[in-house]
Amino acid sequence: MTTTDKAARIEALRQRYLELKAAGDDLAPKALPPLTARDGAPLTSNLVRQREEIPGGWYWTARLARGERLRLVNTQATPGVAVFLWNAADTSERYNSADTMKLQWTAALPRGRVLFSDMGRVLASVVEDTVGAHDSVVGGSTPASNLRRYGDAALRNTQENMRLAASKFGLGKRDLAPVISFFSPVYVKEDGSFGWRDDVLAAGDFVELRAEMDLLVAISNCPHPFSPGAYAPQAIEAVIWQGPSPAGDDICRTATAEAVRGFENTDPLFAGR
Amino acid sequence: MTFICTPTENLDPAKAVHDFTIAATRPWSHVIKRGQIFRIVDVEGCQAVDTLFYRAGDFSERYSAQDTLLAQGSAYVTTGTRLLSNEGNVMLTVVADSCGRHDTSAGACSCEANTVRFGHHTRYMHACRENFVVEVTKWGMTKRDVVPNINFFMNVPIDPDGRLAIVDGISAPGAHVDMVAEMDVLAVISNCPQVNNPCNGFDPTPVRVLIWDGEAA
């Protein structure tokens, strides 16, 4: 390849990247739905399959069938609920924090965004969300973070909770990777340090995930390591229910070009069902 | 935006116990002993170096991006950053850095992720996670051992609203980062084959890796 050809090829690639970046940065957020109102999206109770209270500091596991929804209700405004997801049919496919952020050009994952696996497929869609402040960068607490923060490494923490949850599926430490922490208003300051937005969380907040494939779900109900205040995790409520099937114009499936392509990779797995 | 750069250490390449140039787009792996100094040189500049670390002797302990960011309280990697494992142990410490900015949030490209990001026509292109899988299988590991990694010399600013994108690298030709191993680690590199984003200026180039025994410093 001549120098001129190479320069032209690089320039063409750069132009394509800048177009994709502009679409992801500028166009996609405008297409996202607004946050769910705190008194919005009531559950249709006769379609509830399971309803659990997860005590503060504890973990929980669930299996979701494609199409089922998991609503996490932050009844007492606890600061942080960590979640990890696996494809139930092949647990080597699992939540990938880096892809979820990079593919959607954002670390902010409010209502309308989707959670990607490491295989370019969509594990779950964020179909309801009253908060819009979730953290996929820093994740959950560890014995070390509890020691630093509260002076006690023995307090319940997300690292160990996730290992316990994974073990209940026959999985182990190697099957875990960075998690997503819902109800965790973390942001990155100009100097690279992390901040925590105050007054974002309220009792009764909820997030609802729609399973886009059959999933194994692990949940750790521990405070985010950057949350202010004492260690005082409160119970949350987890509800599995059968919501409506996504329509052709479903917002999570269509809001961004990346989500469209993610579902083009996902849906063929279930074409016969 | 502050970039923390530290001066080049006076280490003689002729005295390195390992000195290897990883060709553009290719993988590499090697065990680094506790106390040894590990240097990655961005030979031609603006080349992302996707890197994973595993504890030698127990590969279930491995680099953890979230533990690293949590412990240091900053979204980027530079001089002084302790690279932590999923057990919260320090694997390596960054002791010198003439670039000043490395990413550990955006992970590595894969064939599958590229279809989502850049279009289905990019599926059959070299990708870092293919390199990682090929390399870790030599050590008895599989895809499930490949986790979000660290990207030396890759610039991925995250703004307060969460916006995140790979932008042009800031590493000049010859830029390097030095780490001291705090335990015996297996280092695995994919010398980023990505040509779809500016992490390597759309033109992958070689990098050089050197390892010195501790007393050389």
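We use all heavy atoms of the structure for the numbers below, so side chains are in, but hydrogens, waters and symmetry mates are not. Every chain is numbered from 1, with letters handed out A, B, ... down the list of sequences.
- In this structure, B:Lys143 places its NZ atom where more than 12 heavy-atom neighbours from other residues, nucleotides or ligands lie under 6.0 Å away.
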Self-check item: Stepwise side-chain contact (heavy atoms from CB on, under 4.5 Å) test for B:Leu164 and A:Thr106
Solution: CA-CA 5 Å; B:Leu164 165 156; A:Thr106 181; 5.5 Å; no
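- Each of B:Cys111, B:Ala65, B:Ala108 has some count of heavy-atom pairs under 4.5 Å with chain A, and the biggest count is that of B:Ala108.
- Dense packing is recorded around CZ of A:Arg9, with more than 12 heavy atoms of other residues, nucleotides or ligands lying under 6.0 Å away.
- Contacts between A:Arg16 and chain B at a heavy-atom distance below 4.5 Å involve the side chain alone, from C-beta outward.
- Of the atoms belonging to B:Val156, not a single heavy atom falls under 4.5 Å from chain A.
- Of all the listed residues (A:Asp175, A:Asn96, A:Thr142), the one sharing the greatest number of non-hydrogen pairs under 4.5 Å with chain B is A:Asp175.
- Listed options B:Arg62, B:Met141, B:His120, B:Glu61 were ranked by heavy-atom pairs under 4.5 angstrom with chain A; first place goes to B:His120.
- Ranked by heavy-atom pairs shorter than 4.5 Å toward chain B, the options A:Leu18, A:Leu20, A:Leu103 are led by A:Leu103.
- With chain A as partner, the option from B:Gly107, B:Ser60, B:Cys109 having the largest number of non-hydrogen pairs under 4.5 angstrom is B:Ser60.
- Atoms CG and CG, on A:Leu176 and B:Asn86 in that order, are 8.5 Å from each other to the nearest 0.5 Å.
- Of the two parts of A:Ser193, the backbone and the side chain both hold a non-hydrogen atom closer than 4.5 Å to a non-hydrogen atom of chain B.
- Of the residues considered (B:Leu70, B:Val147, B:Leu69), B:Leu70 shows the highest number of contacts with chain A, using heavy-atom pairs under 4.5 Å.
- Considering only heavy-atom pairs separated by less than 4.5 Å from chain B, the leading option among A:Pro29, A:Ala98, A:Pro225 is A:Ala98.
- Using a 4.5 Å cut-off on side-chain heavy atoms (C-beta onward), A:Arg121 and B:Val116 make no contact.
- If you take CE on A:Met119 and CZ on B:Arg129, they are separated by 9.5 Å, rounding to the nearest 0.5 Å.
- Looking at A:Val186, neither its backbone nor its side chain comes within 4.5 Å of chain B, counting heavy atoms on both sides.
- Nearest heavy-atom pair across B:Ile158 and A:Ala107 is CG2-CB, 4.2 Å.
- Between atom CZ of residue A:Arg174 and atom OH of residue B:Tyr54 there is a gap of 9.5 Å, rounded to the nearest 0.5 Å.
- In the model, A:Asp118 has no side-chain atom that pairs as donor or acceptor with a side-chain atom of B:Ser110 under 3.5 Å.
- Using a 4.5 Å cut-off between heavy atoms, B:Gln72 does not touch chain A at all.
- The pair A:Arg163-B:Glu87 counts as a salt bridge, with a side-chain nitrogen and a carboxylate oxygen less than 4.0 angstrom apart.
- A perpendicular orientation is assigned to the rings of B:Phe202 and A:Tyr17, their planes being inclined by more than 60° (bins at 30° and 60°).
- Residue with the most contacts toward chain B among A:Arg14, A:Glu93, A:Met101, A:Gln104: A:Arg14 (heavy-atom pairs, distance under 4.5 Å).
- For the atom pair A:Ser136 OG and B:Gln66 CD, the distance stands at 6.5 Å (nearest 0.5 Å).
- Nearest approach of A:Lys21 to B:Val167, heavy atoms of both residues: CE-CG1, 4.4 Å.
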Quiz item: Should B:Asp159 and A:Val188 be marked as a side-chain contact (heavy atoms from CB on, under 4.5 Å) after you check the CA-CA gap, both sets of side-chain angles, and the distance that decides it?
Solution: CA-CA 6 Å; B:Asp159 78 14; A:Val188 180; over 6 Å; no
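- Between the CH2 atom in A:Trp105 and the CZ atom in B:Arg117 there is a gap of 5.0 Å [rounded to 0.5 Å].
- Both the backbone and the side chain of B:Ile166 come within contact range of chain A, each with at least one heavy atom under 4.5 Å from a heavy atom of that chain.
- With a threshold of 4.5 angstrom between heavy atoms, A:Asp26 approaches chain B through side-chain atoms but not through N, CA, C or O.
- A donor-acceptor pair is defined here as one N or O able to donate and one able to accept, closer than 3.5 Å; such a pair exists between the side chain of A:Arg94 and the backbone of B:Arg144.
- Using a 4.5 Å heavy-atom cutoff, the side chains of A:Asn265 and B:Glu112 are not in contact.
- No other option in A:Pro143, A:Gly140, A:Pro178, A:Ser92 has as many heavy-atom pairs under 4.5 Å with chain B as A:Pro178.
- Of the possible donor and acceptor atoms, none in the side chain of A:Gln159 sits under 3.5 Å from a partner among the backbone N and O of B:Gly88.
- Contact annotation for B:Asp103: neither backbone nor side-chain heavy atoms come within less than 4.5 Å of a heavy atom of chain A.
- Looking at B:Phe118, both its backbone and its side chain come within 4.5 Å of chain A, counting heavy atoms on both sides.
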